[in-house]
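I have placed the structure first, in the form of structure tokens, so that the comments after it can refer back to it.
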Amino acid sequence: MTTDSPSSTDFVRRMIVEDNESGRFDGRVHTRFPPEPNGYLHIGHAKAINLNYGIARDFGGKFNLRFDDTNPTKEEEEYVQSIIEDAHWLGVDWEDRLLFASDYFDQLYDWAVQLIEQGQAYVDDLSADEIREYRGTLTEPGKESPYRNRTIEENLDLFERMKNGEFPDGSRVLRAKVDMASGNINLRDPVLYRILHATHHRTGDKWCIYPMYDWAHGQSDSIEGITHSICTLEFEDHRPLYDWFVEKLGIYAPQQIEFARLKLTYTLMSKRKLLKLVDEGHVNGWDDPRMPTLSGYRRKGYTPEAIRDFTERIGVAKNDSTVDFALLEHCVRQDLNQHSPRVMAVLDPLKVVITNYPEGQTEELFAINNPEDESAGTRKVPFSRELYIEREDFMEDPPRKFYRLVPGREVRLRYAYFVTCVDVVKDDDGNVVELHCTYDPATRGGDSPDGRKVKATLHWVSAKHAVDGEVRLYDQLFSSPFPEDVAEGKTFLDNLNPDSLTVLTGCKMEPSLAGVEAGQRFQFERIGYFCVDPDSASGKPIFNRTATLRDTWAKIQQRK
RNA sequence: UCGGGGAUCGUCUAAUGGCAGGACCGGGGACUUUGAAUCCUCUAAUCGUGGUUCGAAUCCACGUCCCCGAGCCA
């Protein structure tokens, strides 16, 4: 069980074990997930959430949900709500520790004053452009601001007046006094506070100066007693700055550990780009089933269990990596195969008349709801003289390995009878519009008493009992496995897959699907997994395709 | 000619001086009232060059390549 579970031996857990053995945090383990409420959670966040929560769970520790809401110009309450909902859906529990960096604004302000008093922070009057110029470049050191050596008294006065709203946006900032020549640009006197006359989603208009993320993040972890502050690689060279802050402030120091963020083929994780997809209408909102957001996957029919399984299988490391989308899909199929009830639905109906079946007769046939789960029971499906089968299950002139219905061939209708195609009805253009078949009454239920074998079993729906439904077929949103790799002059939008959504109406479904509710998941036998969309109306179900079944026949066809 | 990270099957990830293993993908087969599931099986890797060592993916040296960093974003 632990042998093939990389999560049990990942480097993060190993470091925590070491800390526990050395008694560094008195054996405590306390993690957190710190999202900025400026977008919806995506599958990459799920990796971070499950990592942090999983560690807290495994080590008997605690887990906080904390919003890093330090920039009121980009953050919204809608995002806070969606993040809480999605995190809950994933199955993580922060007990009563729903926290906000904005809860610490007063403390952060006091600490800024402390830094000023210690001569380690100053108010800078340089413009944003000037600050950038003074910062130097990656290869050249920066130079010190002319305001760097103001007196403590002047800094204290100016900073308080910044807080009091005496200065316009952008006119001054508070900076830490670290080292303008550092090879680490984060240490070249980073900005701590900027003036922003903006309304904050929680603190309203109380503040007109807001802490920068770098100033708020480490101290927020410190306040919360976080032991292991797990974040992504790009914050690796911010760690020295966070350590500098807690040291100068003389406060509790968490250990930051960085891991590689998730990348997935055929998908984007950039919140900026996802926002663009939503804003420009390339998708129908953050919860569009083509989005890599948790709400999108949820609407598509993915389960939190499948996502958790996925986040465990991909492991945790520092290598830049791009996980094959096929692995996510594998996890989804595995879970759904285990748990979703089977039903029959015909997506592209072709009428079949059983010519030797009595007109007006209906019989109820037993069907197994889930062969993987006996407790799911059985149900009855109505059979009658006129049926629908899948159009692609018939070929008049079949290739070598096609062993479904063809003229003169016998196949099985699942749970029903063996039928043989005896006639093909066409319209004036030569399109097949109807099939005439005969059935063998002795094969009721799908078994032939004489041991006769058929190569294929087809799903079907009784025409007069069928429920009409809509089916939304989703494919990858991007046609390229690496949508962000674009040629000169192109953007990721050029990689959008024009066929990412196909809407099928007039699909014929077995009558048990008449009263389904949004969120219910099914396997349409021989086709795939589907989830009832919230757009469904009573008697008019709409299904989103979660994933296709693995399809050996499709592979054989593609090869040629 | 800056600072910080990283290179193991096609992909993700183990092995932390002692048989390079697992999963996904792909190939083949068995079974089959889902061309599903399940089962069996095959393909396939230590960035390079030296060195240390009985023994190196692992330690050392020198290279090469990749990622991140110059927001008053997070």
Side-chain angles (χ1 to χ4, degrees), chain A residues 3-7 9-10 14 34-36 38 68-71 73-75 124 126-128 131-133 135-142 169-175 182-188 190-196 209-210 212-214 216-217 232-240 258 260 265 271-272 313-331 333-334 337-338 342 344 367-368 371-372 401-404 412-416 418 443 445-447 454-459 523-528 548-556:
Chain A
T3 49
D4 62 341
S5 170
S7 60
T9 55
D10 65 71
R14 241 175 345 235
E36 182 190 16
N38 68 341
D68 273 342
D69 54 349
T70 55
N71 185 353
T73 64
K74 290 188 176 172
E75 296 152 8
D124 196 345
L126 253 26
S127 70
I131 285 181
R132 191 184 323 115
E133 286 168 28
R135 188 154 32 222
T137 69
L138 294 177
T139 52
E140 296 159 332
D169 287 3
S171 59
R172 284 178 233 260
V173 292
L174 183 74
R175 292 228 257 169
S182 174
N184 182 345
I185 289 181
N186 297 118
L187 264 21
R188 318 239 265 232
V191 172
L192 268 28
Y193 276 93
R194 73 281 220 194
I195 301 171
L196 241 37
I209 57 171
Y210 289 92
M212 296 290 291
Y213 171 87
D214 276 350
H217 188 79
T232 44
L233 255 25
E234 68 270 28
F235 294 105
E236 207 148 20
D237 49 17
H238 293 236
R239 177 156 34 93
E258 309 85 9
T265 56
K271 276 204 252 182
R272 202 196 96 245
R313 284 185 193 234
I314 57 177
V316 184
K318 300 191 75 156
N319 312 340
D320 291 312
S321 61
T322 303
V323 177
D324 192 338
F325 187 85
L327 179 60
L328 211 209
E329 205 156 55
H330 168 81
C331 294
R333 287 195 182 109
Q334 183 166 279
N337 174 52
Q338 225 48 233
R342 273 60 170 169
M344 292 197 284
I368 294 166
E372 307 287 332
K401 287 187 175 169
F402 184 86
Y403 51 80
R404 278 111 96 144
R412 173 170 37 236
L413 295 181
R414 180 114 160 123
Y415 300 124
F418 283 14
T443 57
D447 265 322
V454 288
K455 274 291 251 184
T457 301
L458 310 185
H459 62 279
Q523 184 199 94
F524 290 178
E525 293 218 34
R526 304 209 304 130
I527 300 176
T548 61
L549 249 30
R550 287 187 67 228
D551 191 345
T552 308
W553 170 237
K555 248 176 242 169
I556 291 169

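Below, chain A is the first sequence line, B the second, and so on; all start at residue 1.
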N/O (side chain, A:R272) to phosphate O (OP1/OP2, B:A74) under 4.0 Å: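 For B:A74, OP1/OP2 do not have a side-chain N/O of A:R272 under 4.0 Å.
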
B:A70 OP1/OP2 closer than 4.0 Å to side-chain N/O of A:R188: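 Indeed not, no polar side-chain atom of A:R188 lies that close.
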
B:U64 versus B:G26 - spacing of their P atoms, nearest Å: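 Straight-line distance between the two P atoms is 39 Å.
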
Nearest-Å distance for atom pair CG/P, residues A:N319 and B:U46: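 Rounding to the nearest Å, CG of A:N319 and P of B:U46 are 16 Å apart.
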
Integer-rounded Å distance: B:G29 C1' and A:K555 NZ: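 Taking NZ of A:K555 and C1' of B:G29, I get 14 Å after rounding.
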
Anti/syn call for B:G55, syn if |chi| within 90°: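 Here the answer is anti: the torsion falls beyond 90° from 0.
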
So what does [X] hit on the nucleic acid, given a heavy-atom distance under 4.0 Å: a base, only sugar-phosphate, or nothing?
X: A:L126; value: base
X: A:T137; value: base
X: A:E36; value: sugar-phosphate
X: A:K271; value: nothing
X: A:R550; value: sugar-phosphate
X: A:Y403; value: base

Given B:C73, B:A37, B:A70, the nucleotide with the shortest approach to the side chain of A:N337: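 Looking only at heavy atoms from C-beta outward on A:N337, the closest nucleotide is B:A37.
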
A:T9 side chain, from C-beta outward: closest of B:C72, B:A14, B:A36: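 Given the options B:C72, B:A14, B:A36, the side chain of A:T9 is closest to B:A14.
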
Distance-only donor-acceptor test (3.5 Å): side chain A:Q523, base B:U34: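 Counting by modelled atom types and ignoring angles, a donor-acceptor contact under 3.5 Å is found here.
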
